[in-house]
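Because the structure is a prediction, the values reported are computed rather than measured. Residue numbering restarts at 1 for every chain, and letters A, B, ... go by the order of the sequence lines.
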Number of protein chains: 2
Amino acid sequence: MSTHRRQAISAALQAQPTFVSAQQLYAELRNAGERVGLATVYRHLQALAEAGQVDVLRTDEGEAVYRRCATGRHHHHLVCRSCGRTVEVADRAVERWADRIADEHGFRDVRHTVEVVGTCSACGAS
Amino acid sequence: MSTHRRQAISAALQAQPTFVSAQQLYAELRNAGERVGLATVYRHLQALAEAGQVDVLRTDEGEAVYRRCATGRHHHHLVCRSCGRTVEVADRAVERWADRIADEHGFRDVRHTVEVVGTCSACGAS
DNA sequence: GCAAGTATGAGAATCATTCCCGATAACCGG
DNA sequence: CCGGTTATCGGGAATGATTCTCATACTTGC
Ligand SMILES: [Zn+2]
Ligand SMILES: [Zn+2]
Ligand SMILES: [Zn+2]
Ligand SMILES: [Zn+2]
């Protein structure tokens with residue numbers, strides 16, 4: 001149905017350079033003057049995630065963070081633990097690996113989670 | 001120092017066939033007659049995790065689940081979404097993949113998360 | 001504009017996890 | 001074995017993210 005709030009949230013997410021939590025996005029929307037409720041942010045973020053339009057993952061502390069990715073296709077992330085810079089990685093090699101492993105053990109309908117974190121060249125003050 | 005509680009918790013975890021949450025382990029310990037506090041279960045689980053003696057991962061709902069694995073070496077898991085059966089997978093291929101990807105983008109000190117879930121042959125009522 | 005059906009927002013309710021702090025138990029030199 | 005010292009416990013309060021509830025504010029089709 002209507003999409004005023006939805007658009008605002010979707011746009012705000014679009015503008016984020018890194019993964020953000022629902023709380024962060026909520027704070028930014030409020031600062032930007034949007035009169036939006038926290039529940040609504042959660043609702044739309046979930047909807048977008050289910051629709052496959054945003055990627056979700058969890059920080060080590062268990063907080064869910066969201067990001068609108070450049071491509072709608074399946075991919076993984078390489079994230080800088082310091083600045084949050086994120087590189088989207090679409091590489092069939094890891095997909096094949098997951099399928100092979102599952103196959104070897106007789107598992108069906110496999111789904112995988114693969115994330116890589118490190119320190120990017122800009123942050124690595126080696 | 002004291003190790004009564006620590007042992008009990010460690011042993012209880014050992015006895016689990018699948019990943020369990022702190023809450024579940026707490027419940028089992030109480031049922032087994034152990035007079036233990038929830039905070040203590042969390043404390044030791046974290047300690048064990050930091051010591052690398054147990055693996056931790058998060059369910060889709062964000063709950064942390066723990067498991068004492070057969071090997072102390074780095075490995076990944078193939079988990080049945082239905083019965084929880086877990087296969088420990090130690091395969092250098094995915095390690096190499098992660099390192100290569102990180103390298104290609106100039107990331108250092110990389111760490112990765114790789115989990116695979118599916119339906120095992122016993123549960124797959126195809 | 002109107003009725004019917006959503007979406008929304010404020011605040012309460014949940015729930016895992018963490019904090020706090022007095023009580024308890026392990027250690028240790030004597 | 002004893003008292004003093006110190007690390008660990010347990011229980012209940014505190015936290016913080018996420019979800020629920022429900023009265024109210026939009027949308028949409030007419
Ligand atoms: Zn960086
Ligand atoms: Zn993949
Ligand atoms: Zn199974
Ligand atoms: Zn690995």
query: Between B:E28 and B:Q16, do the side chains contain an N or O donor and an N or O acceptor separated by less than 3.5 Å?
result: yes
message: By the 4.0 Å heavy-atom rule, please label B:Q46 as base, sugar-phosphate, or nothing.
response: sugar-phosphate
message: Can you confirm whether the side chains of B:H76 and B:E95 place a donor and an acceptor under 3.5 Å from each other?
response: yes
message: Nearest whole Å is fine: how far is C:dG9 P from A:L38 CG?
response: 10 Å
statement: Rounded to whole Å, CD of B:E34 lies from C1' of C:dT24 at a distance of 15 Å
- prompt: To the side chain of B:A39, which of D:dG11, C:dA16, C:dG9 is closest?
  reply: D:dG11
query: So does B:R30 get a side-chain nitrogen or oxygen closer than 4.0 Å to the phosphate oxygens (OP1/OP2) of D:dG11?
result: yes
task: Look at B:H44 and D:dT8 and indicate whether a side-chain polar atom (N or O) is within less than 4.0 Å of OP1 or OP2.
output: no
- request: Check whether any side-chain N or O of B:R5 sits under 4.0 Å from OP1 or OP2 of D:dG10, and answer yes or no.
  value: yes
- prompt: In whole angstrom, what separates A:E63's CD from D:dT19's P?
  reply: 12 Å
Donor-acceptor under 3.5 Å (B:R85 side chain, B:T119 main chain): no
message: What is the distance, to the nearest angstrom, from the CG atom on B:L57 to the P atom on C:dA16?
response: 17 Å
- prompt: With no hydrogens and no angle check, is any side-chain donor or acceptor of A:H112 less than 3.5 Å from a backbone partner on A:V110?
  reply: no
message: In this structure, how many angstroms lie between the P atom of C:dA25 and the NE2 atom of B:H4, rounded?
response: 11 Å
task: Please state how far atom CG in B:L29 lies from atom P in D:dG11, giving the value in whole angstrom units.
output: 13 Å
task: State whether the side chain of B:T59 and the backbone N or O of B:E63 hold a donor-acceptor pair below 3.5 Å, judged by distance alone.
output: yes
message: From OH of A:Y42 over to C1' of D:dT18, roughly how many Å is that when rounded to an integer?
response: 5 Å
query: Where each residue is assigned the nucleotide of DNA chain C containing its nearest heavy atom, which of B:R43 and A:T40 is assigned the position nearer the 5′ end?
result: A:T40
task: Would you mind reading off the distance between A:Y26 atom OH and C:dG9 atom C1', rounded to a whole angstrom?
output: 9 Å
